[in-house]
K.L.:
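Dropping the structure in here first, questions after.
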Amino acid sequence: MTPPAETDGRSIAYGAAFAEGLAQMMDADPNVFVAGEDVGRAGGVFGSFRGLNERFGDMRVVDTPISEQAIVGLGTGAAVSGLRPVVDLMFMDFMLVAMDQIVNQAAKLKYMFGGKATLPMTITTSAGAGLSAAAQHSQSLEAMLCHIPGLKVVMPSNPYDAKGLLISCIRDDNPTVFVKHKRLLGLKGEVPEDPYEVPLGAASTVRSGDDVTVVTYGRMVHEATSAADAMAAEGIECDVIDLRTLQPLDMDTVVQSAQRTSRVAVVHEAVRFGGLGGEIASGIAEEAFDYLDAPIERIGAPFSPVPFSPVLEKEWVPNAELIGERIRALAAA
Amino acid sequence: MTPPAETDGRSIAYGAAFAEGLAQMMDADPNVFVAGEDVGRAGGVFGSFRGLNERFGDMRVVDTPISEQAIVGLGTGAAVSGLRPVVDLMFMDFMLVAMDQIVNQAAKLKYMFGGKATLPMTITTSAGAGLSAAAQHSQSLEAMLCHIPGLKVVMPSNPYDAKGLLISCIRDDNPTVFVKHKRLLGLKGEVPEDPYEVPLGAASTVRSGDDVTVVTYGRMVHEATSAADAMAAEGIECDVIDLRTLQPLDMDTVVQSAQRTSRVAVVHEAVRFGGLGGEIASGIAEEAFDYLDAPIERIGAPFSPVPFSPVLEKEWVPNAELIGERIRALAAA
Amino acid sequence: MDPSPETLLDLHRRMVRIRHFEEAAGRLAEQNRLPGFLHLYVGEEAVAAGVCANLDDDDQISSTHRGHGHLVAKGGDYSGMMAELMGKATGYCGGKGGSMHICDLDLGMLGANGIVGGGVPIAVGAGFANKYRGTDRVSVVFFGDGASNIGAFHEAANMAAALSLPVLFVCENNEYGEFTPRDRTMAITDVVDRAAGYGMPGAIVDGMDVVAVWEAAHEAVSRARRGEGPSFIEAKTYRFYNHHGVQTLGMKYRSDDELEQWKQRDPIELFEDRLASAGVLGADGAQAVHAAAEADIEAAIAFAEESPLPDPDSLLVDVYTPAVYSGAAS
Amino acid sequence: MDPSPETLLDLHRRMVRIRHFEEAAGRLAEQNRLPGFLHLYVGEEAVAAGVCANLDDDDQISSTHRGHGHLVAKGGDYSGMMAELMGKATGYCGGKGGSMHICDLDLGMLGANGIVGGGVPIAVGAGFANKYRGTDRVSVVFFGDGASNIGAFHEAANMAAALSLPVLFVCENNEYGEFTPRDRTMAITDVVDRAAGYGMPGAIVDGMDVVAVWEAAHEAVSRARRGEGPSFIEAKTYRFYNHHGVQTLGMKYRSDDELEQWKQRDPIELFEDRLASAGVLGADGAQAVHAAAEADIEAAIAFAEESPLPDPDSLLVDVYTPAVYSGAAS
Ligand SMILES: Cc1ncc(C[n+]2csc(CCOP(=O)(O)OP(=O)(O)O)c2C)c(N)n1
Ligand SMILES: Cc1ncc(C[n+]2csc(CCOP(=O)(O)OP(=O)(O)O)c2C)c(N)n1
Ligand SMILES: [Mg+2]
Ligand SMILES: [Mg+2]
């Protein structure tokens, strides 16, 4: 794995790291442009595009109509024509409006065309619950995308990865989906100023331990790490693996850890049933069957839409306490 | 489980069984209507709606514009208003065009409204490869739907279930998705003339054996059964479980079998990575961990769009030979 | 048709009730007493009021992310609404929906919607049911200028016309979609220009003039009730607060001047002047309507505040309907 | 502008080449020598030919499920096409795409499309790239009357207008979507009525008259090249064969009479009469063009038949581009 770039101790927010990476790619490559609702003059509803329109103008930071299908199609058509578009879908839930353009068009074009097309497009969006934004503004739908050959999918958990993965996505010659978590936008962390890549398809072990492997990604990395810290106080040491890229999955790192610890929990915020956890857990079971001392624990949201009321939503989102309980049970099993 | 209805030995095709169940529901309940592209005068591109328009008229068998979002919305709005719509999306791939209306609207409406809405809508569609229909007309995308709280999903493997599951879907007060397999439309089998239900959420064991459990659904039931027949000749006896309903999943039947055989293969036509097989396999591993003698085998299509050329497509679709090989290896493991 | 004095008073009351609800919600949001997003309808009251005054409880409406005004205009209950905004068990959706999914099916209010354009096909489905049953009910869909650019709107509008359904399309053109002005996202000035492309009649009305809205809606609703199919009304209007919440962003996406000019045409003030001149309602009478709304909203806030939170154990309730089919409906 | 004699001959040749390709494909399908679905363009040749004669290889088109005609008109190679239809390794897509995904990026043909309306936003994206780069290239999107009812069309048309992109929208109105006549799925007769709703100029042309199509497209393409934005052309046309394949279904969804009347206006025959009267091309000359196309298609069929099938091991090739980013493009 590439060594982390130098940070010089500079700490910036996750959202700012995203913006910085994007601006640097636009600076470096005149083919990179951004399009989406409110990304131009308004600088994006989460402020992630602030200042870009002033700097790069209306053709490179394009305010679009509320037309998610056309936004993705704009990216696809421009990418096939040699540009390197970054198109924004604001909330991951809105991806569903553009699902044909993402899944039937962008993901398959190259293959259907016998390899002739190249589609260096990055779709950016924001997922996750916890803001009382209710059922249509809170989903984590990455499992749908990861099932589709032709797409790559990343969900960074921290500012360093947000910048590095975005740069890797933009530089990748395939359609990539970059998923921010809304509740991480303000999270600060060390981020090198110069551009750098976090390679696609490489997980990162954010905490080491020999008792239990916790495989997770996105915001759940933080809940899992808290849980692991709490467990350490009880003498249970966890490997916490941040997958970072979900398609392609870095199963090597996961399986190696599982073989060492023999006990695994997979954690995501998305609904548990049919979530990526099933793929990960069964993948591990296939590769590490003889090593496992207990059933793999899958933790995800319960089987309901995301409720509005904070008291219900809190119950819905998996948290450190729940993860800790499961790790404890797993270690004892 | 309900005993199967009397067939009197009458054998009709899968497509005809669908049509018969639909016509009977329309006869019995004036609130049932059908809408979709070419379902009216033309009788459906697969002939599944033939004769209905003549019999029930334009308001109950509605030719719609090519507008999948509006078709699903038509169903949702009509269902909330007390009708019992059956809306057709022709090919499962086109579901992606209407994904917002299915996932963000229909599936969540009841919950978002605090329970007040009732949505007795059935979405019918056709999945599956094997007709050289290429990447946009051949997909099996059920995993996407099963991940969504609020939907029920069925994929019948035979004429009897096609009729009985359709009737259960139409009578269910929730949004259901009924997925035919295009290559099964002509398959004949015994079907009772009177209306009957095949209960949602109940798997069926279509072949019994104590060595290996094969969990599957849709057209793969036939490939799995062929494979099991071939294995029987080699002395390996398989339970073959046809899930029939994918959401909710009948894990009881599956887990009981797995606990008895200790060796399990899960088979579907959908792309293996991120497919429902991951959910099923990890669900089994959770419930039957101590019983398993070998890693659960997951069989699904390789990670590519569906290719056009028959020689490639044949390679893409899982078949009895492949399943047999895996069962053999599993039995030997 | 000219509205009767009763209708005029009714229109006034509906507008005032919307305004007070929204102002109160805005205040609560500023005080961090409401979770989630809040899209206020202040400034646009004449549209919801003018349209809904033509509807019965049996007629349906579908709404947008900016949905409180529509529900109040349709007769919605302050207490159920306020409790919902606070995420309480006594709210319209038991706290599961919040501002963006507020609804009252008994009043034919088929829900606010978090997806731009998402409610348009649903209203068309309701319109289909009305025609299917042979009733003279009408469904109305409210949507923004921005929403007119999304596919679901297009498909649903065409379908309503193709099937000649009793549906009224009401475009609330407030010149912005979030923070982006209309002229950056469409090359036309009047959204109603799209109506002809579906083969339905269209009209532009001054959305700050509740009588003008009422008249146009009256005609369109009557037409639909007579079985003559869908119509399109574009109401030119403006939101006095920000896209969401009350405060403007740091960023300036519209000028103070523009906002001021529109505020001078406050639909309630305009209408109260008119009611006074016409001798239908004097300043005192108007004041009494405001005071009543104010009292009601205070009571609703108290009710909501005192209401219990949802039981966390209800998390998985109402994902599905357990009810079993009991045979053909009548 | 009037087309020059060279242009007239060019138009003729393009139409004839489409016709012969499609007739041959139809015959092969009847003989079960082509796998999959086949949507023939016979009857509509004047549209693709008339439009594409105004384009260079650098200009892009995006197409539909009925895409062979567009590719032939854009200069597509019979052999690569026929091999693709047969699923051979030498086909345009190496056998992975087939009829519904046939494409030639070198000719700016961005693909047939299996999803109705799916190609419209993609053409708009190409148009964006053309403007972004400051070129005078144009992109054209072909779509059917039925496709004009789908959301993706609407969103893309509005976006092209909003961003003033060099895109030409060509609606092939053949009066049917699959087996359902237009009047069951839309309340308007002329799809062009939608153009005004996007703020772009629109024109109706006789889609059986290749010169009329050429002229209208010439104007629209010139306009786009001058940077004046998108336009809309509706060509009234008809498909002589069935929605897919050659035979009609058992079911009758259009009358023999209607079909006969349209066939009397066969675009190639009409044009050959005109060429003869104008003294541009006599019967013998026309015959020679047909014969050349015929010989070419026979050669293409032979090439395709002799071509190898794809290697099953190539199944997972080209799902992704392995290439690594090599810095900013020039
Ligand atoms: C499909 C979709 N895209 C984007 C959004 C984000 N969004 C919410 S409201 C809004 C603006 C809507 O503008 P308009 O329809 O004019 O209504 P207004 O807010 O002006 O009343 C946008 C873009 C969304 N909710 N759904
Ligand atoms: C989204 C989607 N819905 C439905 C279909 C099935 N389908 C294929 S072609 C067609 C008719 C298209 O009609 P039109 O656009 O008029 O083109 P034409 O076939 O007449 O050339 C339909 C409904 C599809 N391919 N994609
Ligand atoms: Mg607006
Ligand atoms: Mg057509």
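The sequence lines fix the lettering, A, B, ..., with proteins before strands; numbering per chain opens at 1. Every heavy atom of this structure was used, including side-chain atoms; hydrogens, water molecules and symmetry mates were not.
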K.L.:
Looking only at heavy atoms, what is the nearest atom pair of A/A285 and B/P295, with distance?
P.N.:
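Smallest heavy-atom distance, with atoms named: O-CB, 3.9 Å.
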
K.L.:
Side chains of B/F273 and A/L276, heavy atoms from C-beta outward: is any pair under 4.5 Å?
P.N.:
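B/F273 reaches A/L276 side chain to side chain.
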
K.L.:
How far apart are the closest heavy atoms of A/S282 and B/A281, and which atoms are they?
P.N.:
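Shortest heavy-atom contact: CB-CB, 3.8 Å.
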
K.L.:
So what's closer than 4.5 Å to chain A heavy atoms on B/Q69: side chain, backbone, both or neither?
P.N.:
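Only the side chain of B/Q69 comes within 4.5 Å of chain A.
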
K.L.:
Flag the one option from A/A98, A/G274, A/P149 with the top tally of heavy-atom pairs under 4.5 Å to chain B.
P.N.:
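Looking at each option in turn, the highest pair count goes to A/P149.
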
K.L.:
Checking heavy atoms, do the side chain of A/Q139, its backbone, both or neither come under 4.5 Å from chain B?
P.N.:
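Contact with chain B is through the side chain of A/Q139 alone.
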
K.L.:
Working to the nearest 0.5 angstrom, can you tell me the gap between B/F289 CZ and A/F289 CZ?
P.N.:
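Reported to 0.5 Å precision, the distance equals 7.0 Å.
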
K.L.:
Looking at every non-hydrogen atom in both residues, tell me the closest pair between A/R298 and B/G283 and how far apart they are.
P.N.:
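Reported closest heavy-atom pair: NH2-N, 3.9 Å.
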
K.L.:
Is chain B contacted by the side chain of A/A134, its backbone, both, or neither, given a heavy-atom distance below 4.5 Å?
P.N.:
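Contact with chain B involves no heavy atom of A/A134 at all.
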
K.L.:
Checking heavy atoms, do the side chain of A/M144, its backbone, both or neither come under 4.5 Å from chain B?
P.N.:
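Interface part for A/M144: both.
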
K.L.:
Tell me, do B/H147 and A/H147 make a side-chain contact under 4.5 Å, heavy atoms counted?
P.N.:
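Side chain of B/H147 against side chain of A/H147, heavy atoms only: no contact under 4.5 Å found.
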
K.L.:
Please report the interatomic distance CG(A/L141) to CD1(B/I148), rounded to the nearest 0.5 Å.
P.N.:
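Reported to 0.5 Å precision, the distance equals 5.5 Å.
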
K.L.:
Would you mind checking which part of A/Q101 comes under 4.5 Å of any heavy atom in chain B, side chain (CB onward), backbone (N, CA, C, O), both or neither?
P.N.:
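Contact with chain B: none, neither part.
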
K.L.:
Tell me whether A/E286 is salt-bridged to B/R326, with the criterion being a basic N under 4.0 Å from an acidic carboxylate O.
P.N.:
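So A/E286 does not pair with B/R326 through a salt bridge.
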
K.L.:
Count the heavy-atom pairs under 4.5 Å between each of B/M99, B/E287, B/R272, B/Q105 and chain A, then report the option with the highest count.
P.N.:
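If we count pairs closer than 4.5 Å to chain A, B/M99 comes out on top.
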
K.L.:
For the residue pair A/G275 and B/E279, what are the closest heavy atoms and their distance?
P.N.:
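Heavy atoms only, the tightest pair is N-OE1, 4.4 Å.
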
K.L.:
What part of A/Q247 lies closer than 4.5 angstrom to a heavy atom of chain B: side chain, backbone, both or neither?
P.N.:
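Interface part for A/Q247: side chain.
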
K.L.:
So, for A/Y111 and B/S304, which heavy atoms are closest and what is the spacing to 0.1 Å?
P.N.:
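Heavy atoms only, the tightest pair is OH-OG, 3.5 Å.
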
K.L.:
Between A/N104 and B/D93 (side chain of the first, backbone of the second, donor and acceptor by atom type, cut-off under 3.5 Å), is there such a pair?
P.N.:
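Looks like yes, one N/O pair under 3.5 Å.
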
K.L.:
For A/I280, is it the side chain, the backbone, both or neither that has a heavy atom under 4.5 Å from a heavy atom of chain B?
P.N.:
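Neither part, no heavy atoms under 4.5 Å.
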
K.L.:
Which bit of A/F303 is near chain B, if near means a heavy-atom gap under 4.5 Å: side chain, backbone, both or neither?
P.N.:
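Both parts, backbone and side chain.
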
K.L.:
Let's go through A/D100 and B/Q136 carefully: what are the C-alpha distance in whole Å and the side-chain angles of both, what is the deciding distance for side chain to side chain donor-acceptor pair (under 3.5 Å) to 0.1 Å, and is it a yes or a no?
P.N.:
CA-CA 10 Å; A/D100 170 63; B/Q136 295 173 337; 5.8 Å; no

K.L.:
Answer with side chain, backbone, both or neither: which region of A/L246 has an atom nearer than 4.5 Å to a non-hydrogen atom of chain B?
P.N.:
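Only the backbone of A/L246 comes within 4.5 Å of chain B.
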
K.L.:
For the candidates B/A294, B/A143, B/C146, B/G150, which exhibits the highest count of non-hydrogen atom pairs separated by less than 4.5 Å from chain A?
P.N.:
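Heavy-atom pairs under 4.5 Å are most numerous for B/A294.
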
K.L.:
Under 4.5 Å from any heavy atom of chain B, what part of A/I102 do you find: side chain, backbone, both or neither?
P.N.:
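No part of it gets close to chain B.
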
